[in-house]
S.K.: 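Sharing a structure here in structure tokens format.
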Number of protein chains: 2
Amino acid sequence: MPEARSASGAQPVMADVAALAGVSHQTVSRVLNGSPNVRAQTRERVLAAIRTLDYRPNTAARALVTRRSRTLGVISFDSTLYGPSQMLYGIEQAARGAGYFLSIASLRHQDTRSVHEAVDRLRDQAVEGIAVIASRASAMAALARQITTVPMVTVGPADPGRLSGAGVDNEAGARAAVRYLLDQGHRTVHHVAGPDDWLEAKARQAGWRRTLEDRERPVPESTVGDWSARSGYRAALRLVDDPRMTAVFCANDHMALGFVRALHERGRRVPEDVSVVGFDDIPEAGFLNPPLSTVRQDFGELGRRGLGLLLHRIQFPDSEAAGLDGDHHVAIVAPELIVRASSARPDR
Amino acid sequence: MPEARSASGAQPVMADVAALAGVSHQTVSRVLNGSPNVRAQTRERVLAAIRTLDYRPNTAARALVTRRSRTLGVISFDSTLYGPSQMLYGIEQAARGAGYFLSIASLRHQDTRSVHEAVDRLRDQAVEGIAVIASRASAMAALARQITTVPMVTVGPADPGRLSGAGVDNEAGARAAVRYLLDQGHRTVHHVAGPDDWLEAKARQAGWRRTLEDRERPVPESTVGDWSARSGYRAALRLVDDPRMTAVFCANDHMALGFVRALHERGRRVPEDVSVVGFDDIPEAGFLNPPLSTVRQDFGELGRRGLGLLLHRIQFPDSEAAGLDGDHHVAIVAPELIVRASSARPDR
DNA sequence: GAGAGTTTTGTTAGCGCTAACAATACCGTG
DNA sequence: CACGGTATTGTTAGCGCTAACAAAACTCTC
């Protein structure tokens with residue numbers, strides 16, 4: 001006979017299901033957890049009872065006894081950038097596919113303290129792993145220093161030597177962009193870099209610089225922006241009067257479009273007078289005025305790959321045993337140059 | 001004397017802290033939960049022990065006994081749109097401020113089944129409330145129909161009569177844009193709408209249409225896009241040869257920029273030949289070619305307001321007692337017209 | 001059809017915490 | 001200094017579940 005509780009309005013518990021199905025609660029648990037040692041007929045009865053009561057196992061009770069929260073955490077940033085939200089989506093998909101819940105902690109600042117707070121917040125939640133969509137060298141360093149038993153990966157820039165993670169080969173992307181511009185016949189290529197402290201910015205700048213050096217071209221001073229269209233606009237105002245500037249590689253698309261805008265205002269045509277190449281391939285890049293040549297990164301894939309790495313690490317904790325200097329697995333995703341109308345041969 | 005466990009490498013538990021501080025575990029619990037009836041000196045001893053052991057309360061155990069998960073859920077969508085990620089960020093901030101964890105469930109499709117799956121997923125996690133960043137009328141209807149004891153709010157479009165939520169007054173924004181264009185001297189205003197099924201799209205279209213009707217202007221057939229720059233581009237190709245088209249109101253900025261691009265390709269100047277106004281005010285809107293006039297919405301504020309509503313609902317469950325047709329609280333955020341260079345008086 | 005092996009099911013304990021109550025310590029008063 | 005009241009601390013039970021073991025119910029063999 002069913003327990004008294006079963007009729008009440010409260011959430012049904014396992015005992016209610018057991019009573020309705022005429023079995024012990026342990027048998028219900030076995031059905032729920034896919035134990036093979038349950039008679040098919042019994043399983044059916046239990047499943048029917050579960051449906052009847054619309055029973056849902058209590059996650060907290062389960063987590064308490066199994067010591068597994070089945071939750072992963074993501075640390076992300078306030079950002080109007082296109083990339084992070086795409087990566088988050090990729091991560092969410094992968095987490096769901098693997099049967100994990102996903103909890104997020106976003107940061108206003110990428111400083112050490114905010115990062116620690118976010119990690120603490122997720123640890124309080126007993127997440128089994130953390131994916132970090134971070135990019136500031138300082139933030140990454142803070143993470144690497146924070147001793148934690150929770151597996152962690154980074155998603156975004158490839159940062160070999162610190163934490164494992166999935167990253168785009170930013171340097172290769174930058175090289176491809178610069179090489180292409182030089183091949184078009186430009187004497188050299190100017191650069192609008194991202195903020196100093198960002199790994200992506202550094203890698204893209206390094207790729208730009210090395211390509212010029214390899215080909216023995218003059219290396220103009222690079223300008224630093226903050227990823228925003230506004231900062232690209234400002235950078236252009238500083239460079240626009242230099243007649244030797246015929247090609248610019250901007251560290252992201254938003255700065256590139258701001259750059260283009262300023263050139264336009266000052267009467268320098270794109271691409272006839274100046275070629276501009278961006279980075280990211282935001283969805284609207286092909287519909288800007290003019291359509292923007294850029295380097296495409298597959299952010300969704302990045303998120304999925306990063307999460308794959310994290311899951312692996314959760315499953316085989318020993319793979320991290322090597323420690324901080326060990327072989328951190330880094331999944332490198334190759335970027336792809338997309339040529340559109342904002343770049344061309346120099347017009348002379 | 002400390003329990004045997006305390007020396008082991010495992011996570012410390014409350015009993016370990018109690019042993020170290022020389023009190024009962026209940027006193028530790030009291031300190032943790034801010035009970036006033038603890039002697040200051042005792043509290044200090046306990047806090048010291050907590051720090052020494054780096055103790056963190058077990059969320060699962062807590063949730064099990066209190067029946068509160070201290071977790072909220074967000075349902076969001078795969079989207080390259082600027083709005084959703086901003087709203088998510090606003091929500092996260094507000095949730096953190098209120099001491100809640102935030103769990104996300106994203107959807108590939110906005111169909112009924114996906115929506116139900118997402119809700120189930122969050123319910124499995126025992127979230128105390130759900131914020132939905134949704135916009136499809138069908139998805140919203142599915143939500144409203146899904147009987148759940150979990151409080152729910154929507155964030156994004158104002159949808160009075162169904163679920164409570166925070167929304168932008170899209171119709172007012174559209175009216176402002178159209179009124180402005182008419183005031184500039186345009187005979188009428190064309191419209192590129194968002195997808196049929198989206199509430200924002202409907203509201204903006206309604207605002208556009210009514211404003212024209214109020215002023216007894218001809219109402220051109222509107223074109224439907226999918227929010228993407230590409231669809232704006234295509235819409236423009238269909239309209240570009242109509243010489244009577246001198247002003248266009250696009251339902252979002254991405255379509256607007258695609259629209260501008262197509263006009264440019266076909267040799268129609270913006271704003272001299274055609275004025276274009278968008279909606280959203282994406283951060284780069286001011287740096288497009290030409291800078292885009294648009295209607296600004298404060299997505300972050302929207303997220304915060306929505307979450308505020310949700311928290312209220314969690315605290316006072318009765319406020320929803322009115323049922324589906326009752327007084328749903330809707331926080332309306334007013335949008336703001338931003339005039340830039342993509343719009344002007346008709347040039348004739 | 002008895003015995004050994006294999007499924008299938010049931011019973012018990014306990015995960016780490018808070019709620020409820022019980023017990024003590026402390027306070028000022030008459 | 002005994003007393004009632006209050007502030008502080010301790011004890012016990014149980015949240016809903018799974019793990020470990022125990023018991024029962026089937027097999028199959030000879």
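All chains are named by letter (A, B, ...) in the order of the sequence lines, taking the proteins before the strands, and each is independently numbered beginning at 1.
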S.K.: Rounded to whole angstrom units, what separation is found between the CZ atom of B:Arg43 and the P atom of D:dA7?
M.R.: 14 Å
S.K.: If you take all heavy atoms of A:Asp111 and A:Ser114, which pair is closest and at what distance?
M.R.: OD1-OG, 2.7 Å
S.K.: Does A:Ser24 put a side-chain nitrogen or oxygen below 4.0 Å from OP1 or OP2 of C:dT11?
M.R.: no
S.K.: Let me know the distance between CD of A:Gln11 and C1' of D:dC15, rounded to the nearest Å.
M.R.: 14 Å
S.K.: Are any of A:Thr42's side-chain N or O atoms less than 4.0 Å away from OP1 or OP2 of C:dT8?
M.R.: no
S.K.: Within the structure, does a side-chain N or O atom of B:Ser29 lie under 4.0 Å from either OP1 or OP2 of C:dT18?
M.R.: yes
S.K.: Ignoring backbone atoms, establish whether A:Asn58 has a side-chain N or O less than 4.0 Å from OP1 or OP2 of D:dC15.
M.R.: no
S.K.: Take atom CE of A:Met14 and atom C1' of D:dG16, then tell me their distance rounded to the nearest Å.
M.R.: 8 Å
S.K.: Taking 4.0 Å as the cut-off, does a side-chain nitrogen or oxygen of B:Arg62 come that near to OP1 or OP2 on C:dT18?
M.R.: yes
S.K.: Decide yes or no for B:Pro151 and B:Leu310: does some side-chain heavy atom of the first lie under 4.5 Å from some side-chain heavy atom of the second?
M.R.: yes
S.K.: Does the D:dG16 base have a donor-acceptor partner in the side chain of A:Arg56 within less than 3.5 Å?
M.R.: no
S.K.: Could you state the atom-to-atom distance from NE2 of B:His25 to P of D:dA13 in whole Å?
M.R.: 12 Å
S.K.: Nearest whole angstrom, please: distance from the C1' of C:dT9 to the CD of A:Gln41.
M.R.: 13 Å
S.K.: May I have the distance from A:Tyr55 (atom OH) to D:dG16 (atom C1'), rounded to whole angstrom?
M.R.: 7 Å
S.K.: Determine: side-chain N/O of A:Arg39 to OP1/OP2 of C:dT9, distance under 4.0 Å, yes or no.
M.R.: yes
S.K.: Think A:Asn37 has a side-chain N or O under 4.0 angstrom from the OP1 or OP2 of C:dT8?
M.R.: yes
S.K.: Rounded to the nearest Å, what distance is computed from the CG atom of residue B:Asp16 to the C1' atom of nucleotide C:dC17?
M.R.: 13 Å
S.K.: Work out which heavy atom in B:Arg304 is nearest to a heavy atom in B:Gln93; give both atom names and the distance.
M.R.: NH1-OE1, 3.1 Å
S.K.: Please tell me if A:Arg67 has a side-chain N or O lying less than 4.0 Å from either OP1 or OP2 of C:dG16.
M.R.: yes
S.K.: Assuming nearest nucleotide by heavy-atom distance, tell me which of A:Val38 and B:Leu32 is located more 5' along DNA chain C.
M.R.: A:Val38
S.K.: Answer whether the closest heavy-atom distance between the side chains of A:Leu309 and A:His312 falls below 4.5 Å.
M.R.: no
S.K.: Please report, rounded to the nearest Å, how far the C1' atom of C:dT11 is from the CZ atom of A:Arg30.
M.R.: 10 Å
S.K.: On DNA chain D, does the nearest nucleotide to B:Ala61 precede the nearest nucleotide to B:Gly22 from the 5' side, or the other way round? Give the residue.
M.R.: B:Gly22
S.K.: Would you say that A:Thr59 contacts A:Phe101 through its side chain, given a criterion of any heavy-atom pair below 4.5 Å between the two side chains?
M.R.: yes
